[in-house]
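This report concerns only the one structure given below.
Remember, predicted model here, so these are calculated numbers, not experimental data.
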Amino acid sequence: MKELNKQRKDYLTWDEFFMGVALLAAKRSKDPNTQVGACIVSSDNRILSVGYNGTPNGYDDVYFPWDREGDELETKYLYVVHAERNAILNYRGNNKDLVGAKIYVDLFPCNECAKEIIQVGIKEVYYLEDKYATTNSVIASKKMFDACGVSYKCLKKEKK
């Protein structure tokens with residue numbers, strides 16, 4: 001077939017576009033240390049939901065801690081919802097729509113988020129960073145993904 005026009009060659013791939021949406025969502029996070037965003041996409045490349053790490057709706061997060069260390073009740077860990085879980089919870093359609101979907105997230109999912117990704121039927125995970133790869137949480141995530149047929153792929157480009 002003859003090419004009729006000259007289109008741009010430097011447009012974003014689907015992976016670049018959806019990861020860009022996840023990175024943009026991360027900018028909504030108020031966490032002073034770690035900002036994570038997630039974008040859930042249907043198998044036909046439609047954005048279903050986005051999320052970022054933050055406190056649940058319903059209370060003012062200025063009254064809760066963002067610290068990483070100290071007494072457990074004075075750290076963020078008991079109060080913050082991870083980006084992946086927020087994206088799943090933010091979806092307002094039928095959960096059947098999540099079956100076979102993809103999730104783009106800048107940080108490899110922890111074991112708790114992995115369980116929820118598996119539970120709703122998401123089958124592909126795309127990520128940029130795996131900085132906690134040696135932690136039990138991420139090791140467990142990968143074991144669960146492998147056992148449940150969830151693929152995962154790093155999209156980080158090699159530096160030139």
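Smallest separation of non-hydrogen atoms from Ala87 and Ser49: O-OG, 2.7 Å. Contact detail for Gly51 and Ala25: the closest heavy-atom pair is O-CB, 3.7 Å. Heavy-atom minimum distance, Tyr126 versus Met19: O-CE, 3.6 Å. Nearest heavy atom pair, residue Ala101 against residue Leu48, reads CB-CD1, 4.3 Å. Closest approach of Leu128 to Cys154, counting heavy atoms only: O-SG, 3.5 Å. Looking at every heavy atom in both residues, Thr34 comes nearest to Asn53 through O-ND2, 2.8 Å.
Residue pairs meeting the ring pair (Phe, Tyr, Trp, His ring centres under 6.0 Å) criterion with at least one partner in residues 14-54, sequence neighbours excluded, are Trp14-Phe18, Phe18-Tyr104. Sequence neighbours left out, the pairs with a member in residues 131-141 that pass side-chain hydrogen bond (donor to acceptor under 3.5 Å, both in side chains) are Asn111-Ser137. Residue pairs that meet the side-chain hydrogen bond (donor to acceptor under 3.5 Å, both in side chains) test with at least one member in residues 62-84, sequence neighbours left out, are Asp31-Lys76.
Residue Phe108 is grouped with residue Met144 when hydrophobic side chains (ILVMFWY) are merged at heavy-atom distances under 4.5 angstrom, including chains of intermediate members. One hydrophobic cluster, built from ILVMFWY side chains closer than 4.5 Å, cannot hold both Val150 and Leu155; they sit in different ones. Side-chain heavy atoms closer than 4.5 Å link hydrophobic residues (I, L, V, M, F, W, Y) into clusters, and following such links, even through other members, never connects Val21 to Ile40. Taking hydrophobic clusters as Ile, Leu, Val, Met, Phe, Trp and Tyr residues chained together by side-chain heavy-atom distances below 4.5 Å, Val105 does not share a cluster with Val81. Side-chain heavy atoms closer than 4.5 Å link hydrophobic residues (I, L, V, M, F, W, Y) into clusters, and following such links, possibly through other members, connects Val62 to Leu73.
Rounding to the nearest 0.5 angstrom, the gap separating the OH atom in Tyr152 from the NZ atom in Lys123 is 13.5 Å. Annotation: the span from Leu98 atom CG to Tyr91 atom OH amounts to 6.0 Å, rounded to 0.5 Å. Here the CD atom belonging to Gln119 is positioned 9.5 Å from the SG atom belonging to Cys148, to the nearest 0.5 angstrom. With rounding to the nearest 0.5 Å, the separation of SG in Cys39 from CG in Leu24 is 10.0 Å. Annotation: the span from Asn95 atom CG to Ile88 atom CD1 amounts to 8.5 Å, rounded to 0.5 Å. In this structure, SG on Cys113 lies 8.0 Å from CZ on Arg85, to the nearest 0.5 angstrom.
Judged purely by distance below 3.5 Å, without hydrogens or angles, the side chains of Asp15 and Thr13 never pair a donor atom with an acceptor atom.
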Steps toward side chain to side chain contact (heavy atoms under 4.5 Å, CB included) verdict (Asn90, Val50): CA-CA 7 Å; Asn90 285 340; Val50 295; 5.7 Å; no
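Residues forming a side-chain hydrogen bond (donor to acceptor under 3.5 Å, both in side chains) with Lys30 (at least two apart in sequence, or on another chain): Asp61. Annotation: salt bridge (Lys or Arg N to Asp or Glu O under 4.0 Å) contacts of Lys143 (sequence neighbours excluded): none. Listed by chain and residue number, Asp130 satisfy the salt bridge (Lys or Arg N to Asp or Glu O under 4.0 Å) test with Lys142 (two or more places apart in sequence, or in another chain).
Using cut-offs of 30° and 60° for the angle between ring planes, the Tyr59 and Phe64 rings count as tilted.
Looking only at distances, a side-chain donor or acceptor of Asp106 sits under 3.5 Å from a matching main-chain atom of Gly37. Although no hydrogens or angles enter the test, the distance criterion places no donor-acceptor pair under 3.5 Å between the side chain of Lys156 and the main chain of Tyr127. Remark: the backbone N or O of Ser43 is not paired with any side-chain donor or acceptor of Arg46 at under 3.5 angstrom.
Between Pro109 and the options Val125, Ile103, Ile122, Val36, a side chain to side chain contact (heavy atoms under 4.5 Å, CB included) holds for only Val125.
Counting heavy-atom neighbours within 6.0 Å of Asn45 CG, excluding the residue itself, gives a total above 12.
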